[in-house]
Structures are given as structure tokens and as C-alpha cells.
Student: 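Before we start, here is the structure in question, set down as C-alpha cells.
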Amino acid sequence: MYYRPDKINDALYSLSKEKLTIAAGCTDLLPSTQQENLGNNILDISGIKSLRHISFENGFRKIGSGVTWTDLVENNELPKCYDMLKECSLQIGSKQIQNLGTIGGNLCNASPAADGVPCLLSLDASIELLSLNGKRVLKLEDFIKGSRETELKNNEILSAILIPKEAEIGRSSFLKLGARKYLVISIAMIACKLNLKKDVISEIAISVGSCSAVAKRIKSLENLLIGKSIKDELTSIILNYNYENYLSPINDIRGTNTYRFKASKVLVKDTIIKTINKFNLKG
Ligand SMILES: Cc1cc2nc3c(=O)[nH]c(=O)nc-3n(C[C@H](O)[C@H](O)[C@H](O)COP(=O)(O)OP(=O)(O)OC[C@H]3O[C@@H](n4cnc5c(N)ncnc54)[C@H](O)[C@@H]3O)c2cc1C
């Protein structure tokens, strides 16, 4: 069977009746089959317009799961703190992948190298899951349980990503390290959002991806940096921080774990400095 409903309720009804594979942009799904087609029992949600929408409701920015990377880049209403998500979107695969691939698919596929995850962790994102039984909202860090493992149930669709209004402050940046210039699979990636009061860091969120089974917020480093002046020795705090307690990078064809540790330290420093440089500081 191949279903392509245009209403979310019809999709949820089909999911409640039989075991179906959800297909959005198919940029993860199709390569994973290693075949030329998706096979049977597909629920194609790409025709559901309500999933491809960004709005602000009840104190939350709501990014529909069907929003593509190109949609994010082209959205002019998102505040500056979403710049990291736009910088990330522009580095996903190629233009063709950005046009088809969705933010919801990136989260549900739950690859350790999913570039959207660190950005959304740094935005304090939650996940809205719908089924015929109702709605569940989970923090993103509780939704992704491990490499390719999520809390999604067979009868659920990830409908939206929710960002609280309080997280929509400051400026942000995303940096990704890979082995080539285009179609880069991350060796490490960092998403940083911070706010300054005069020249003092008042808030900061730093997330590291590709260096553990699931991307992680480094909250104890954030705590060390809050209250520090940007004229202080930020670089030595960042480079001397003990990442070994938080990250557990693997050895693979793209890099050894030793290299990933070293690279992620430098990348954290560069991402923080890039973000600070976005503030219009005088003197
Ligand atoms: C050449 C190439 C380059 C790539 N480069 C990058 C890159 O640089 N960075 C990166 O992070 N990724 C990259 N990817 C991976 C992929 O493009 C992204 O993860 C993309 O965002 C996946 O979205 P999709 O809509 O295509 O997901 P799909 O392939 O349609 O689905 C992925 C998984 O999520 C499930 N799913 C999708 N939507 C939902 C939903 N709303 N509710 C419940 N389940 C759902 C599907 O069942 C499937 O298991 C690349 C892929 C390719 C082929």
C-alpha cells in the first residue's frame, strides 16, 4: 500500500490501522533501503501542508516537521538566534537534499551526525508527537534515546518542533568539520547560542554533535562561561575544559576519537568567538 493523505488526521487514522513506514523527503529513507524504491506500506506525509508551516503560538515557535532546510533558510521571520539553524541548513548535503530533506526526518532518523540536533538542543527544543490518542510533548534530549533510536511509537507522527519564547534571545552560530567542502558528513559540529549584557556572557547554550551517540549540551562548560567578560581568557577556559567527561567520540573512517576530541575543542572555541563577533560591540 502507498498512502499520500493531505490531512494529518487521515494520516494518523492510517497509522492506527496498520504498520506503515512514514516517508517525508526520503533522503534518509531511500538510501537506507539500498534499492531503487521504498517497497510497500508507505505513508507519504509530504502532501500534508499543515506540517510545512512555521508559526508562533501560545509562547512557542512552532516549526512543522515537514519544513525543509530550504524553507528554514528562506524564512525571514525567524529571529537572529535561529542563524545557527540557517547556517546548518545551508551545509546539509547539497541544494537538492536541502530542498527535499525535512527537519522532522533529520530528528526521527536520529543519526549521531544529524546536523539539526545540536542547533535544536541549543534552542531548548521540545518535540510534538501526534497520534489518534492525542498529543505528547517531549524534550528533544528525551526524544532521541541513542544512535537511530527514538521515543516515536508506531502510531505516532512527529508533527512539530517547539521552541519556547524565552529561548529566542541572543545570536547564534553553527560550525561543522568534515573531510571535504561539499556533501559533508560531520566529524564534529557545534551549535552555540549566546547573549551578552555589555561585554559579559549572560546566557550561553553549547551543543556538540557527532562526538557521542546523541548530540549533547555541555551545560557545565556553559556554567563556567556565564558571567565571564568576553575580555577574560575565554579561550583558555574553553580549551582546558574536560570534554572527556561528556563526549564519547567513536573511531571511524572519518576520524579517530582522539582527533574528534581535539577538533571539537577548537571548534567550540571558534563557534563561540564567531557568535560573539556577531554582536555590534564598540570599544
Ligand atoms: C547525499 C546526502 C547528503 C546528506 N547530508 C546531510 C548532512 O549534511 N547533514 C545531515 O544532518 N543529514 C544529511 N543527510 C541526511 C538527510 O538528508 C537528512 O537527515 C534529512 O533531514 C532527512 O529528512 P527527510 O525528510 O528526507 O527524512 P526521510 O528520509 O523521509 O525519513 C527519515 C526517517 O524519519 C522518519 N520520519 C520522517 N518524518 C517523520 C515524521 N514527521 N514523523 C515520524 N517519522 C518521520 C522516516 O520514517 C525515516 O525513518 C544527507 C542525505 C543524503 C542522501
Side-chain angles (χ1 to χ4, degrees), residues 2-5 8 11-12 14-15 19-35 37-39 41-53 62-73 84-85 87-121 127-131 135-136 138 140 143-144 147-161 174-189 191 207 209-210 214-215 254:
Y2 174 83
Y3 299 99
R4 192 172 187 267
I8 185 79
L12 295 174
S14 305
L15 265 189
K19 173 102 177 66
L20 298 169
T21 300
I22 298 174
C26 294
T27 60
D28 275 316
L29 203 54
L30 192 53
S32 74
T33 65
Q34 306 219 330
Q35 289 179 17
N37 60 54
L38 291 175
N41 297 333
I42 299 297
L43 175 65
D44 178 347
I45 57 170
S46 64
I48 305 175
K49 289 207 179 81
S50 62
L51 295 180
R52 198 169 169 180
H53 191 63
K62 190 169 181 181
I63 303 178
S65 64
V67 164
T68 66
W69 303 108
T70 300
D71 294 338
L72 283 167
V73 172
M84 59 185 161
L85 198 53
E87 290 167 13
C88 156
S89 304
L90 284 167
Q91 294 179 62
I92 300 270
S94 59
K95 191 72 195 150
Q96 293 89 335
I97 299 293
Q98 292 161 24
N99 287 341
L100 281 174
T102 63
I103 191 153
N106 195 246
L107 301 186
C108 291
N109 192 54
S111 157
D115 286 323
V117 179
C119 299
L120 294 172
L121 286 175
I127 297 302
E128 181 187 271
L129 302 167
L130 291 183
S131 74
K135 179 162 82 179
R136 291 202 292 154
L138 301 179
L140 176 57
F143 174 68
I144 303 183
S147 172
R148 316 236 172 231
E149 254 189 279
T150 71
E151 281 287 341
L152 189 77
K153 294 184 180 153
N154 279 345
N155 63 343
E156 287 179 323
I157 291 178
L158 193 164
S159 46
I161 293 119
F174 174 84
L175 284 180
K176 156 166 160 176
L177 175 72
R180 55 187 179 221
K181 215 165 174 190
Y182 300 104
L183 286 167
V184 178
I185 300 174
S186 302
I187 293 171
M189 71 283 204
S207 304
S210 261
V214 186
R254 289 189 291 278

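As the structure lists them, so they are numbered: ligands from 1, and atoms in each ligand from 1. When reading the values below, keep in mind they use all heavy atoms of this one structure, side chains included, and skip hydrogens, waters and symmetry mates.
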Student: Under 3.5 Å, is there a donor-acceptor pair between the S94 and Q96 side chains?
Tutor: yes
Student: Could you check T102 against V67 for side-chain contact (heavy atoms from CB on, under 4.5 Å), going step by step and ending with a plain yes or no?
Tutor: CA-CA 5 Å; T102 63; V67 164; over 6 Å; no
Student: Write out the residue and atom name of the closest protein heavy atom to atom 46 (C) of ligand 1, then the distance separating them to 0.1 Å.
Tutor: I22 O, 3.0 Å
Student: Regarding ligand 1, does C26 bring an N or O atom to under 3.5 Å of one of the ligand's N or O atoms?
Tutor: yes
Student: Please work out, at 4.0 Å between heavy atoms, whether the side chain, the backbone, both, or neither of I97 comes within that distance of ligand 1.
Tutor: side chain
Student: Which is it for L183 and ligand 1 at heavy atoms under 4.0 Å: side chain, backbone, both or neither?
Tutor: side chain
Student: Is it the side chain (CB and beyond), the backbone, both or neither of L152 that lies under 4.0 Å from ligand 1, heavy atoms counted?
Tutor: side chain
Student: Using a plain distance cutoff, I'd like to know if L158 has any nitrogen or oxygen under 3.5 Å from a nitrogen or oxygen of ligand 1.
Tutor: yes
Student: So, regarding D115 and ligand 1 (criterion: nitrogen or oxygen to nitrogen or oxygen, under 3.5 Å), is there a contact or not?
Tutor: yes
Student: Heavy atoms only: which of L30, N109, T27, L129 is nearest to atom 26 (O) of ligand 1?
Tutor: T27
Student: If you have a sec, work out which protein heavy atom is nearest atom 13 (C) of ligand 1 and how many Å separate them, to one decimal?
Tutor: I92 CG2, 4.1 Å
Student: Can you name the nearest heavy-atom pair linking L120 to L85, along with the distance?
Tutor: CD2-CD2, 4.2 Å
Student: May I ask you to list the atoms of ligand 1 that are less than 4.0 angstrom from any heavy atom of I45?
Tutor: 40 (C), 41 (N)
Student: Side chain or backbone of A24 under 4.0 Å from ligand 1, or both, or neither, by non-hydrogen atoms?
Tutor: both
Student: So which heavy atom on D115 is nearest to which on I92, and how close?
Tutor: CB-CD1, 3.8 Å
Student: Relative to the heavy atoms of S65, which atoms of ligand 1 are at a distance of less than 4.0 Å?
Tutor: 41 (N)
Student: Got K176 and E87 here, is their nearest side-chain heavy-atom distance under 4.5 Å?
Tutor: no
Student: Look at the side chain of Q98 and the backbone N and O of G93, then say whether any donor-acceptor pair between them is shorter than 3.5 Å.
Tutor: no
Student: Who's the nearest protein heavy-atom neighbour of atom 49 (O) of ligand 1, and how far?
Tutor: L29 CD1, 4.0 Å
Student: Hey, are the side chains of D44 and P5 touching, using non-hydrogen atoms and a 4.5 Å cut-off?
Tutor: no
Student: From atom 44 (N) of ligand 1, work out which of G209, A114, C108 has a heavy atom at the shortest distance.
Tutor: C108
Student: If the cut-off is 4.0 Å to any non-hydrogen atom of W69, which atoms of ligand 1 fall inside it?
Tutor: 20 (C), 21 (O)
Student: Answer with side chain, backbone, both or neither: which part of I103 has a heavy atom less than 4.0 angstrom from an atom of ligand 1?
Tutor: neither
Student: May I ask you to identify the nearest protein heavy atom to atom 12 (N) of ligand 1, giving residue, atom name and distance to one decimal place in Å?
Tutor: N106 ND2, 3.7 Å
Student: Are A113 and ligand 1 in contact, using a heavy-atom cut-off of under 4.0 Å?
Tutor: yes
Student: Quick one: look at K153 and ligand 1, take heavy-atom pairs under 4.0 Å, and tell me if it's side chain, backbone, both or neither.
Tutor: neither
Student: How close do L158 and S65 get, counting heavy atoms only, and between which atoms?
Tutor: O-OG, 2.7 Å
Student: Just by modelled atom types, is the T68 backbone N or O under 3.5 Å from a matching donor or acceptor in the D71 side chain?
Tutor: yes
Student: Compare every heavy atom of R148 with every heavy atom of S111, then report the nearest pair and how far apart it is.
Tutor: CB-NH2, 3.7 Å
Student: Please step through salt bridge (Lys or Arg N to Asp or Glu O under 4.0 Å) for the pair K62 and E128, ending with a clear verdict.
Tutor: CA-CA 9 Å; K62 190 169 181 181; E128 181 187 271; 3.7 Å; yes
Student: If every non-hydrogen atom of A110 is compared with every non-hydrogen atom of I144, which pair is closest and at what distance?
Tutor: CB-CG2, 3.9 Å
Student: Just go through G101, G105, G178, S186 and tell me whose heavy atom is the nearest to atom 32 (C) of ligand 1.
Tutor: G105
Student: Heavy atoms only: give me the nearest S131-E156 pair and the separation to one decimal.
Tutor: CB-CG, 3.9 Å
Student: Does C108 reach the side chain of F143, with side-chain heavy atoms less than 4.5 Å apart?
Tutor: yes
Student: Can you confirm, on distance only, whether ligand 1 has an N/O atom lying under 3.5 Å from any N/O atom belonging to P31?
Tutor: no
Student: Ligand 1 versus S159, non-hydrogen atoms closer than 4.0 Å: side chain, backbone, both, neither?
Tutor: neither
Student: Would you indicate which of A23, G25, S46, G93 comes nearest to atom 4 (C) of ligand 1 when only heavy atoms are counted?
Tutor: G93
Student: May I ask you to identify the nearest protein heavy atom to atom 19 (O) of ligand 1, giving residue, atom name and distance to one decimal place in Å?
Tutor: D28 OD2, 2.6 Å
Student: Could you check whether any side-chain heavy atom of R136 comes within less than 4.5 Å of a side-chain heavy atom of L138, counting everything from C-beta outward?
Tutor: yes
Student: Need the ligand 1 atom indices (1-based, order shown) with element for anything under 4.0 Å from a heavy-atom of Q91.
Tutor: 8 (O)
Student: Could you tell me the residue and atom name of the protein heavy atom closest to atom 21 (O) of ligand 1, and the distance to it rounded to 0.1 Å?
Tutor: T102 O, 2.8 Å
